[in-house]
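Here the structure comes first, spelled out in structure tokens, and everything after it is commentary.
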There are 2 protein chains.
Amino acid sequence: MDTTEPTRLTGLPSWLLTQTAAHAGRLVSEGLAGVEARGYHYRVLATLDEYGPASQADLGRRSGIHLSDLVAAINELAARGYVQRSPDPDDRRRNVVTVTDAGRRQLAALDEQLAAVQQRLLTPLDGEERAQLAALLTKLLAYHRLSS
Amino acid sequence: MDTTEPTRLTGLPSWLLTQTAAHAGRLVSEGLAGVEARGYHYRVLATLDEYGPASQADLGRRSGIHLSDLVAAINELAARGYVQRSPDPDDRRRNVVTVTDAGRRQLAALDEQLAAVQQRLLTPLDGEERAQLAALLTKLLAYHRLSS
DNA sequence: GGTCGATCGTTGGTGCGCCTAACGTTAGGT
DNA sequence: ACCTAACGTTAGGCGCACCAACGATCGACC
């Protein structure tokens, strides 16, 4: 059936994962580069849009982005006017990060780009296979998320 | 069923892939760090063991490692005595890279480490699911490999 | 037989994602 | 009031994938 017999290397699940992820990452980067963005930007905007304004710490936890990287990402987004960082009156340690209207428009553009990327990524898989893949990965992710 | 409803972010196949790959990579790094190695080292040794001695260019093509990165990887492996780099008498542009006995022993050790990693990685999946995952990823990889 | 394009190995540098360590500021429990 | 914890920020490192350029060599073609 398989034209490519799995060797010890190419049969390794961890290898399959990282390789396909590399391809996915490449496609995502290409798609996002067209709108002058990268992965972190989308993750921040999407998370913000999903949960509403939040402190950077909350944002980091929800998006899975490291606090230290978040600073730069928010700087960049703020510089482009997609996001606003203002001090939290109730807690002077915190900043409240809010999406602007421009940010929401940008998010829509990114969503579109990414949807196209998913199509290109999953081309060889039919609907059922895509669902299977998503389910399996989600299961793996959920498991490893607990034991962190 | 799902305790975590997929949001727009966490439902994105590309996100699922890169996140699980990140976890996998972390586990692999940990496992390999115990034997003072990293991903490239294993890939080189495994490829060499699989196909026999080869030029760096061939090695790169087979292992999917960039030529420029291969130089460093081979340097490190050679410094540890796991691999030998000698000029090809038939083509003076080339180096022939060969695994040493020590390299084969190291490969065995890495194989062992990685086998354990796969177990940890795939813990939440049963046999059938593991096969499904491998099949799906292989399919994706095969497709994208052609259009490179 | 010389010329030209392709290949090989090497160097140096880029980008992204993930991570650690440290530090000053502020909140909050006790 | 003190001490711990959380927050934001800066600086830096690692691993993997990639690009651009270069000298050396090979091969094909005229």
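Everything quoted here is computed from the prediction, not taken from an experiment.
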Quiz item: Roughly how many Å is it from CG in D88(B) to C1' in dT7(C), rounded to a whole number?
Solution: 13 Å
Without placing hydrogens or testing angles, list every side-chain donor-acceptor pair under 3.5 Å for residues 51-60 of chain A, not counting sequence neighbours.
| unit_1 | atom_1 | unit_2 | atom_2 | d |
| --- | --- | --- | --- | --- |
| S55(A) | OG | D58(A) | N | 3.2 |
| Q56(A) | OE1 | R85(A) | NH1 | 3.0 |
| Q56(A) | OE1 | N95(A) | ND2 | 3.2 |
| D58(A) | OD1 | R61(A) | NH2 | 2.9 |

Polar atom pairs (N or O), protein with nucleotides 24-26 of chain D, under 3.5 Å:
| unit_1 | atom_1 | unit_2 | atom_2 | d |
| --- | --- | --- | --- | --- |
| dC26(D) | OP1 | R92(B) | N | 2.9 |

Practice problem: Quickly work out the H66(B) NE2 to dG15(D) C1' distance and round it to whole Å. | Solution: 16 Å
Quiz item: Do T10(A) and T138(B) have side-chain heavy atoms sitting under 4.5 Å apart?
Solution: no
Quiz item: How would you list, by chain and number, every residue that makes a side chain to side chain donor-acceptor pair (under 3.5 Å) with E129(A), sequence neighbours excluded?
Solution: K139(B)
Quiz item: Which nucleotides of nucleotides 10-17 of chain C have their base under 4.0 Å from a protein heavy atom (B), which only their sugar-phosphate (S), and which neither (-), written as one string 5' to 3'?
Solution: BBB---SS
Quiz prompt | Between P of dC18(C) and CG of L70(A), the distance in whole Å | solution = 12 Å
Quiz item: Can you pull the salt bridge (charged side-chain N to carboxylate O under 4.0 Å, His left out) pairs that have at least one residue in residues 33-44 of chain B, sequence neighbours excluded?
Solution: R38(B)-E76(B)
Quiz item: Once you round it to whole Å, what is the distance between P of dC18(C) and CD of E30(B)?
Solution: 15 Å
Quiz prompt | Atom-to-atom span, CD1 of I65(B) to P of dG15(D) - whole angstrom | solution = 14 Å
Quiz item: Who are the side chain to side chain donor-acceptor pair (under 3.5 Å) partners of S14(B), not counting sequence neighbours?
Solution: Q118(A)
Quiz item: Quick one: L17(A) CG to dC16(D) P, roughly how many Å, whole number?
Solution: 15 Å
Self-check item: side chain to side chain donor-acceptor pair (under 3.5 Å) involving R92(A) - partner list, sequence neighbours excluded
Solution: none
Quiz prompt | side-chain hydrogen bond (donor to acceptor under 3.5 Å, both in side chains) contacts in which one or both residues fall within residues 62-74 of chain B, not counting sequence neighbours | solution = none
Quiz item: Do L141(B) and W15(A) have side chains that get closer than 4.5 Å, going by heavy atoms?
Solution: yes
Quiz item: Between dA17(D) atom C1' and R61(B) atom CZ, what is the distance in whole Å?
Solution: 18 Å
Review item, side-chain donor-acceptor pairs of residues 105-113 of chain B, under 3.5 Å, at least two apart:
| unit_1 | atom_1 | unit_2 | atom_2 | d |
| --- | --- | --- | --- | --- |
| Q106(B) | NE2 | Y82(B) | OH | 3.4 |
| D111(B) | OD1 | Y42(B) | OH | 2.7 |
| D111(B) | OD2 | R8(A) | NH1 | 2.3 |

Exercise. Calculate the interatomic distance between W15(A) atom CH2 and dC16(D) atom C1'; express it in whole Å.
Key: 14 Å
